[in-house]
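In what follows, a structure is listed as structure tokens, so that the remarks can point back to it.
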Amino acid sequence: MSIQITFPDGAVKQFDGPVTGLTIADDISSGLRRNAVAIEVNGEMWDLTRDIDTDATVSIITRDSEEGLEVLRHDAAHVMAEAVKELYPETQVTIGPSIENGFYYDFAREEAFTPDDLEAIEARMREIVKRNETIEREVWDRDEAIAYFKRLGEIYKAEIIADLPADETITVYRQGDFLDLCRGPHLPSTGILRDGFKLTKLAGAYWRGDSNNAQLQRIYGTAWSDKKALKAYLRRMEEAEKRDHRKLGKAMDLFHLQDEAPGSVFWHPKGWAVYQAVQQYMAAKQYEHGYQEIKTPQVVDISLWEKSGHASKFGDDMFTLTNDDRMYAIKPMNCPCHVQVFNQGLKSYRDLPLRLAEFGSCHRNEMSGSLHGIMRVRSFVQDDAHIFCTEEQIQSEVKSFIDFLHEVYADFGFDEVIYKLSTRPEQRVGSDEVWDRAEQALEQALNDNGIEWELQPGEGAFYGPKIEFSLKDCIGRVWQCGTMQVDFSMPERLEAEYVAEDGSKRVPVMLHRAILGSIERFLGILIEQHAGALPAWLAPQQVMVATIVTDANDYAVEVAKALRSAGLRAEVDLRNEKIGYKVREHSLQKIPAILCIGKREAEEGTVAVRRFGSKAQTVMPLEDFIEQFCTEVDEKQLFDAQAD
RNA sequence: GCCUGCAUAGCUCAGUAGGUAGAGCAACUGACUUGUAAUCAGUAGGUCGUUGGUUCGAUUCCGACUGCAGGCUCCA
């Protein structure tokens, strides 16, 4: 029997009888065989050692490709599980997938793993790699598999098998004495994993991600095609840590957090300057896009939250206070208050869409474990707005919102945005036809903007579908910033209505939307994105005037005054220090422009300009500098060179 | 909230195998009048997160609490 193998480039080759990926790779080149980790057979990932016994289109997966790395990482997880079982036989294994940059495995064990254990496990992993154990795929009978794992005391594994769809083939991979349920594919042997892996951290994780279940111990690791790639990754992480907003926030004296106010930010003068710059920018942008800014109360009677449904839904997450036998809540969100503003006076269809915006200060009693710097806090300000409109207006409103959002993100220097569309959950309000229309409107708006987006079926809110807009931080964590949610429920609950063309009263649709999300979080991301070196229009201090000799003090003060009159955030440094010292300090503070003032400048009415990220100095008349720098600020220019 | 770890001077960190602690930078004082990433000398600065316990004695060992870090869960 002859087998016909088709390659990605269309080439075809005949083999006599069944053939394995290993043979095919070897047949092409020994280099390919060395780097092969799996084979794609008719679009399915297969082990290299599995016989291909029908004609097939194949593609060899190499260790440095995205798919190849996934195989390596998955194998690393298995090798780790084997190492753990050898060292701590009483441990139960559960699941261990490959993830971005690495892998993890969840273990059930009475005793907690220690950081020392991690080292021991890693050492044992290297041994297993050295042993180069053959990895074999076996197809098992379901009941037999369940019985086998139960016998071993691996109740979690047995549970997983029992829950697999009935038509799924149960495959088990064997390496040495270790057996694990797995769909595969895997490497032909453990030696192929080589040494590009490292265990990184220990964490708790709930069985099946549900906090009602038992808590397991998760060990995270990272794995790469070789040691060099691993080192490069570790170095990247180190670099990323340097731009952590918490570190930079302290080093640049932007803000602080302290025990007495967990999850609430103390903004320092410089941090507040950036905060203000961002907020004022947004205010102007919103006005330009047809929004009207409002301000609503911080403390509102609990009855409104009961009516809106937040009291039951948010519950413990709300801060409440009681005064004169009356119970209030500090607002966790702004929407019900915005409806109150809408409800004042009679609204006509002619008033729609009505866009109400607020820099709403919200408080949520988040679980202590979820707080993170200024990115995840208990007290934050949303660039919140609610658009009251008709169903027909949803699509155009969403489309123009996306355009608005892109303008804003681009001004801040973000070009990579992650889009997710969340559709109807099982529990919901509103008819299917209304959901159909709303989901289509969102989808259409995304497509109209030529956006690649991800669908999250069933992830929508009970009151309507939504789009989430996320940005990545410096170590690749994704933070949701923007949001666009359709709401069919709240306007009705809170009795919002307008008079339609035919004189009847109708309930408007409400769109909840934010671009920055929370100003606190956005600033955190912004600081990391720019490694603290904020572009001129956002920098807390835009210009520093530094004197070289005390004789230049009067002129320096004059220069600073002129800069401030031009609307710039300028400070003057008259300290009795050498200019080298001043330049160093202000460069570390990442101030966009340092103006050095000596005797010459004072006499000539010039300034010696030193821009951040450059060692060059340019002497120019003060007026020229002001004009040039103001243009840069007005145009919101971003730095060309990304400074470290 | 749960799991693991951490908490020492304003900052970054060292240290004490249980006998109340040290460096660099910053601060303060003085000298120096300086030309583009650290001028020199001196001074001062700490209930070693809070709180119980063990001990003759705890910053160090054990427990609780608070906060922080990384995860889980949740989410702007």
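None of the values given here were measured: they were computed from a predicted structure. Just the heavy atoms: all of them, side chains too, but no hydrogens, waters or symmetry mates, feed the values below.
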Inset, instruction - Determine the contact category for A:R610: base if any of its heavy atoms lies under 4.0 Å from a base atom, sugar-phosphate if only primed atoms, P, OP1 or OP2 are that close, otherwise nothing. - result: base
Legend entry - Nearest listed nucleotide, side chain of A:Q485, among B:rG71, B:rG35, B:rA76: B:rA76
Inset, instruction - Of all the heavy-atom pairs spanning A:L248 and A:G532, show the shortest one and how long it is. - result: CD1-N, 3.7 Å
Inset, instruction - Quote, to the nearest angstrom, the P distance that separates B:rG1 from B:rA37. - result: 50 Å
Legend entry - A:R600 side chain near B:rG35 phosphate (N/O to OP1/OP2, under 4.0 Å): no
Legend entry - Span that lies between the C1' atom of B:rG52 and that of B:rU29, in whole angstrom: 45 Å
Inset, instruction - Mind running a 4.0 Å heavy-atom check of residues 355-386 of chain A against RNA chain B and sending the residues that fall below it, in number order? - result: A:R364, A:E366, A:M367, A:S368, A:G369, A:S370, A:L371, A:H372, A:G373, A:R376, A:V377, A:F380, A:Q382
Inset, instruction - Fit a plane to each ring of A:H406 and A:Y419, take the angle between them on a 0 to 90° scale, and name the class: parallel (under 30°), tilted (30 to 60°) or perpendicular (over 60°). - result: perpendicular
Inset, instruction - May I ask you to say what A:S518 touches in the nucleic acid, namely base, sugar-phosphate or nothing, with a heavy-atom cut-off under 4.0 Å? - result: base
Inset, instruction - Give a yes or no on this: more than 12 heavy atoms of other residues, nucleotides or ligands lie within 6.0 Å of atom NZ of A:K295. - result: yes
Inset, instruction - Would you confirm whether A:R428, through its side chain, and A:P425, through its main-chain N or O, come within 3.5 Å as a donor-acceptor pair? - result: yes
Inset, instruction - Mind checking A:A112 for me? I need base, sugar-phosphate or nothing, with any heavy atom below 4.0 Å counting as a touch. - result: sugar-phosphate
Inset, instruction - Could you give the distance separating B:rU47 and B:rU43 at their C1' atoms, to the nearest angstrom? - result: 23 Å
Legend entry - Aromatic A:Y220 / basic A:K201 pairing, under 6.0 angstrom, 45° off normal: yes
Legend entry - Mutual orientation of the aromatic rings belonging to A:F404 and A:F401 [parallel < 30°, tilted 30-60°, perpendicular > 60°]: perpendicular
Legend entry - A:D259 CG to B:rC6 C1', straight-line distance once rounded to whole Å: 13 Å
Inset, instruction - Tell me what A:G204 touches on the nucleic acid: a base, only sugar-phosphate, or nothing, going by heavy atoms under 4.0 Å. - result: base
Legend entry - Whole-angstrom distance between B:rG46 and B:rA38, as gauged at atom C1': 27 Å
Inset, instruction - Could you tell me whether A:Y104 contacts a base, only the sugar-phosphate backbone, or nothing, with contacts defined as non-hydrogen atoms closer than 4.0 Å? - result: nothing
Inset, instruction - Round to a whole Å and report the spacing from CD of A:E577 to C1' of B:rU39. - result: 8 Å
Legend entry - Listed nucleotide nearest any side-chain atom of A:C596, set B:rG35, B:rU12, B:rU36: B:rU36
Legend entry - d(NE2, A:H256; P, B:rC68) in whole Å: 12 Å
Inset, instruction - Return no unless some side-chain N or O of A:Q217 is found under 4.0 Å from OP1 or OP2 of B:rC3. - result: no
Inset, instruction - With C1' as the reference atom in both, quote the distance from B:rC48 to B:rG19 in angstrom, rounded to an integer. - result: 15 Å
Legend entry - Earlier contact from the 5' end, RNA chain B, for A:E468 and A:I548: A:I548
Legend entry - Short side-chain N/O contact to B:rU12 OP1/OP2 from A:K250, under 4.0 Å: yes
Inset, instruction - State, to 0.1 Å, how close A:F113 and A:L202 come at their nearest heavy-atom pair, and which atoms those are. - result: O-CD2, 3.1 Å
Inset, instruction - Could you check whether A:K201 gets within reach of a base, just the sugar-phosphate, or nothing at all, counting any heavy atom under 4.0 Å? - result: sugar-phosphate
Inset, instruction - Tell me what A:G209 touches on the nucleic acid: a base, only sugar-phosphate, or nothing, going by heavy atoms under 4.0 Å. - result: sugar-phosphate
Inset, instruction - Can you tell me, in whole Å, how much space there is between the C1' of B:rU66 and that of B:rA26? - result: 29 Å
Inset, instruction - Looking at every strand, decide which applies to A:I579 at a 4.0 Å heavy-atom threshold: base, sugar-phosphate, or nothing. - result: sugar-phosphate
Inset, instruction - Examine the base of B:rG1 for any acceptor or donor lying under 3.5 Å from a partner atom in the side chain of A:Y206, and report the outcome as yes or no. - result: yes
Inset, instruction - Kindly confirm or rule out a cation-pi arrangement of A:R218 over A:Y104, judged by NZ or CZ under 6.0 Å from the six-membered ring centre and within 45° of its axis? - result: yes
Legend entry - C1' spacing across the pair B:rC68 / B:rC25, given as an integer number of angstrom: 24 Å
Inset, instruction - Please determine if A:R208 and A:D163 form a salt bridge, counting it only when a charged side-chain N lies under 4.0 Å from a carboxylate O. - result: yes
Legend entry - Salt-bridge contact A:E585-A:R575 (side-chain N to carboxylate O under 4.0 Å): yes
Inset, instruction - State whether A:R246 places a side-chain N or O below 4.0 Å from either non-bridging phosphate oxygen (OP1 or OP2) of B:rG70. - result: yes
Inset, instruction - Kindly point out which of B:rG35, B:rG71, B:rA38 is positioned nearest to the side chain of A:R584? - result: B:rA38
Inset, instruction - May I have the distance from A:L588 (atom CG) to B:rU12 (atom C1'), rounded to whole angstrom? - result: 14 Å
Inset, instruction - Side chain of A:Q480 only, please: which of B:rG71, B:rA76, B:rG35 is the nearest? - result: B:rA76
Inset, instruction - Could you check how far NE2 of A:H586 sits from P of B:rU36, rounded to whole Å? - result: 17 Å
Inset, instruction - Answer yes or no for A:R378 and A:F380: cation-pi contact, defined as NZ/CZ to six-membered ring centre under 6.0 Å and angle to ring axis within 45°. - result: no
Inset, instruction - Name the nucleic acid region contacted by A:G580, choosing base, sugar-phosphate or nothing; use a 4.0 angstrom heavy-atom cut-off, strictly under. - result: sugar-phosphate
Legend entry - Stem segments of RNA chain B by first residue number [Watson-Crick or G-U, under 3.5 Å, at least 3]: B:1-7 with B:66-72, B:10-13 with B:22-25, B:27-31 with B:39-43, B:49-53 with B:61-65
Legend entry - Donor-acceptor pair present, A:R513 side chain and B:rA76 base, under 3.5 Å: no
Inset, instruction - Give A:E601 one of three labels, base, sugar-phosphate or nothing, depending on what nucleic acid heavy atoms sit under 4.0 Å from its own. - result: base
Inset, instruction - Provide, to the nearest angstrom, the distance between the CG atom belonging to A:L216 and the P atom belonging to B:rC72. - result: 13 Å
Inset, instruction - Between A:F113 and A:R208, just flag the one whose closest nucleotide in RNA chain B comes earlier from the 5' side. - result: A:F113
Inset, instruction - For the pair A:W479 and A:H372, name the ring-plane relationship: parallel under 30°, tilted 30 to 60°, perpendicular over 60°. - result: tilted
Inset, instruction - Take atom OH of A:Y555 and atom P of B:rU33, then tell me their distance rounded to the nearest Å. - result: 24 Å
Inset, instruction - Figure out the CZ/P separation between A:R575 and B:rG30, and round it to whole Å. - result: 17 Å
Inset, instruction - Using a heavy-atom cut-off of under 4.0 Å over every strand shown, decide if A:A205 touches base, sugar-phosphate, or nothing. - result: sugar-phosphate
Legend entry - Distance, P atom - from B:rG57 to B:rG18, rounded to whole angstrom: 16 Å
Inset, instruction - Hey, can you tell me if A:H74 and A:H78 have their rings parallel, tilted or perpendicular (30° and 60° cut-offs)? - result: perpendicular
Legend entry - Side-chain donor/acceptor of A:E459 to backbone N/O of A:L421, under 3.5 Å: no
Inset, instruction - Have a look at A:A608 and say if it touches a base, only the backbone sugar-phosphate, or nothing, with a 4.0 Å heavy-atom cut-off. - result: base
Legend entry - Base B:rG49 to side chain A:Q258, donor-acceptor N/O within 3.5 Å cut-off: no
